[in-house]
There are 2 protein chains.
Amino acid sequence: MRIALSLLLSFSSQYNVLTSPLVEDLHKDGKRLTPQRLKVLNLFENIGSGNHLSAEEVHEKLVKSSSKVSLATIYRTLRLLVKIGLLHELELSEGGHRYELLSNETPDHHHLICIRCGRTEEFESDEVLRAGKIAAKINGFKLIESSLNVRAICPKCI
Amino acid sequence: MRIALSLLLSFSSQYNVLTSPLVEDLHKDGKRLTPQRLKVLNLFENIGSGNHLSAEEVHEKLVKSSSKVSLATIYRTLRLLVKIGLLHELELSEGGHRYELLSNETPDHHHLICIRCGRTEEFESDEVLRAGKIAAKINGFKLIESSLNVRAICPKCI
DNA sequence: CAACAAACTCAAAGCTATTCTCAATAATAA
DNA sequence: TTATTATTGAGAATAGCTTTGAGTTTGTTG
Ligand SMILES: [Mn+2]
Ligand SMILES: [Mn+2]
Ligand SMILES: [Zn+2]
Ligand SMILES: [Zn+2]
């Protein structure tokens with residue numbers, strides 16, 4: 001395990017994963033840092049923000065990189081990473097959830113989705129956020145999240 | 001059939017359904033005006049805009065008003081009415097599609113949804129529409145529809 | 001009104017994202 | 001190192017929405 005871990009770590013980021021906030025979050029809940037969890041998280045970190053993967057896609061990508069993790073575990077891990085706050089769960093279209101890395105560099109943003117090929121572009125808009133806030137306030141709702149999905153057709157698909 | 005039709009018509013609107021655009025649309029496609037189709041459409045007209053029904057809910061409501069239409073027919077009819085342009089298909093949350101009457105009085109609008117009880121409020125926002133347009137333009141996409149879904153918790157559910 | 005395709009009903013089947021089961025494994029604390 | 005117990009893998013099972021099929025009914029046209 002020591003060896004496997006350091007291989008995984010090599011892809012990963014700034015600090016030593018073993019003492020990272022991630023591990024602390026996990027341990028204080030009686031949860032464990034497993035190679036599978038690291039693989040999923042590393043995939044999102046390496047692929048970069050702007051990607052919105054389904055559980056199935058995460059699975060495929062890990063298989064291709066000969067880092068197979070079972071689909072059941074991927075579902076379990078995605079749920080966990082969302083709860084911890086490292087991933088964000090999206091409903092960009094039909095056919096299940098998609099996940100993206102939640103980072104400081106990519107704050108609240110919205111999505112422009114090609115309904116033909118699925119290509120997805122991100123954009124930010126304070127106006128949209130404000131509109132959501134106002135609507136919630138007017139109706140006495142406690143806002144959780146507002147997301148604008150723009151369905152469109154990309155240049156290649158026109 | 002003549003009698004059944006006029007009963008249904010009594011709920012309905014301005015002009016004679018038999019010569020309405022609806023019927024023309026149907027007939028020019030070899031499609032037929034059936035009591036079932038009228039019942040579904042009338043339900044949406046009577047219930048008023050601002051309602052967002054699932055197929056199952058349409059079914060329930062028709063059963064309660066002793067106007068039973070089979071669920072299979074409801075699914076086929078909803079699809080038809082969307083294609084004709086009388087209904088709008090929404091994905092407000094998980095768990096299947098919802099439908100709302102598409103009318104001139106309720107133009108493009110957005111939804112504030114209570115994640116606990118499902119209560120849904122509508123609101124309009126030019127800023128949101130503009131943001132969607134701009135995002136599409138910048139990326140060279142042809143815009144189809146932009147919808148802002150605000151997930152929140154309503155006063156009763158807090 | 002008769003002819004005929006469209007549409008209806010009821011029931012069964014399909015779909016597919018997600019969860020469950022449980023024996024085997026392995027991360028952690030002591 | 002050992003004991004404890006969280007986690008995994010593989011696939012079967014689930015769940016919910018939606019579609020399809022067979023046989024019957026009915027709207028529409030001439
Ligand atoms: Mn994104
Ligand atoms: Mn609406
Ligand atoms: Zn495209
Ligand atoms: Zn509520």
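Chain letters run A, B, ... following the sequence lines, proteins first and then strands; every chain starts at 1.
In this structure, A/E56 places its CD atom 14 Å from P of D/dG11, rounding to the nearest Å. Going from atom CD of B/E94 over to atom P of C/dT18 covers 8 Å, rounded to whole Å.
A close approach under 4.0 Å does not occur between any side-chain nitrogen or oxygen of B/Y75 and OP1 or OP2 of D/dT19. For B/H27, no side-chain nitrogen or oxygen approaches OP1 or OP2 of D/dG27 to under 4.0 Å. Between A/H97 and C/dT18, a side-chain N or O to OP1/OP2 separation shorter than 4.0 Å is present.
Residue contacts shown for A/R98 are absent, as no nucleic acid heavy atom lies under 4.0 Å away.
Relative to the axis of its first five pairs, the axis of the last five pairs of the helix from C/dC1-D/dG30 to C/dA30-D/dT1 sits at 50°, rounded to 10 degrees.
For B/R151, the side chain to side chain contact (heavy atoms under 4.5 Å, CB included) partners at least two apart in sequence or on another chain are A/I144, A/E145, B/I115. Scored by the side chain to side chain contact (heavy atoms under 4.5 Å, CB included) test, B/E94 finds A/E91, A/H97 as partners (sequence neighbours excluded). Legend: residues meeting side chain to side chain contact (heavy atoms under 4.5 Å, CB included) with B/S103, ordered by chain and number and at least two apart, are B/E105, B/T106. Residues passing the side chain to side chain contact (heavy atoms under 4.5 Å, CB included) test with B/A135, sequence neighbours excluded: A/F123. When the side-chain hydrogen bond (donor to acceptor under 3.5 Å, both in side chains) test is applied to A/D29, no partner is found at least two apart in sequence or on another chain.
Legend: salt bridge (charged side-chain N to carboxylate O under 4.0 Å, His left out) pairs involving residues 50-63 of chain A, not counting sequence neighbours, sorted by first then second residue: A/E57-A/R98. Annotation: salt bridge (charged side-chain N to carboxylate O under 4.0 Å, His left out) contacts involving residues 112-127 of chain A, sequence neighbours excluded, comprise A/R119-A/E121.
Across all their heavy atoms, A/N139 and B/P155 have their closest contact at O-CG, 3.8 Å.
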* Structure fact -> B/S/- along nucleotides 4-12 of chain C (protein heavy atoms under 4.0 Å) is -BBSSBBB-
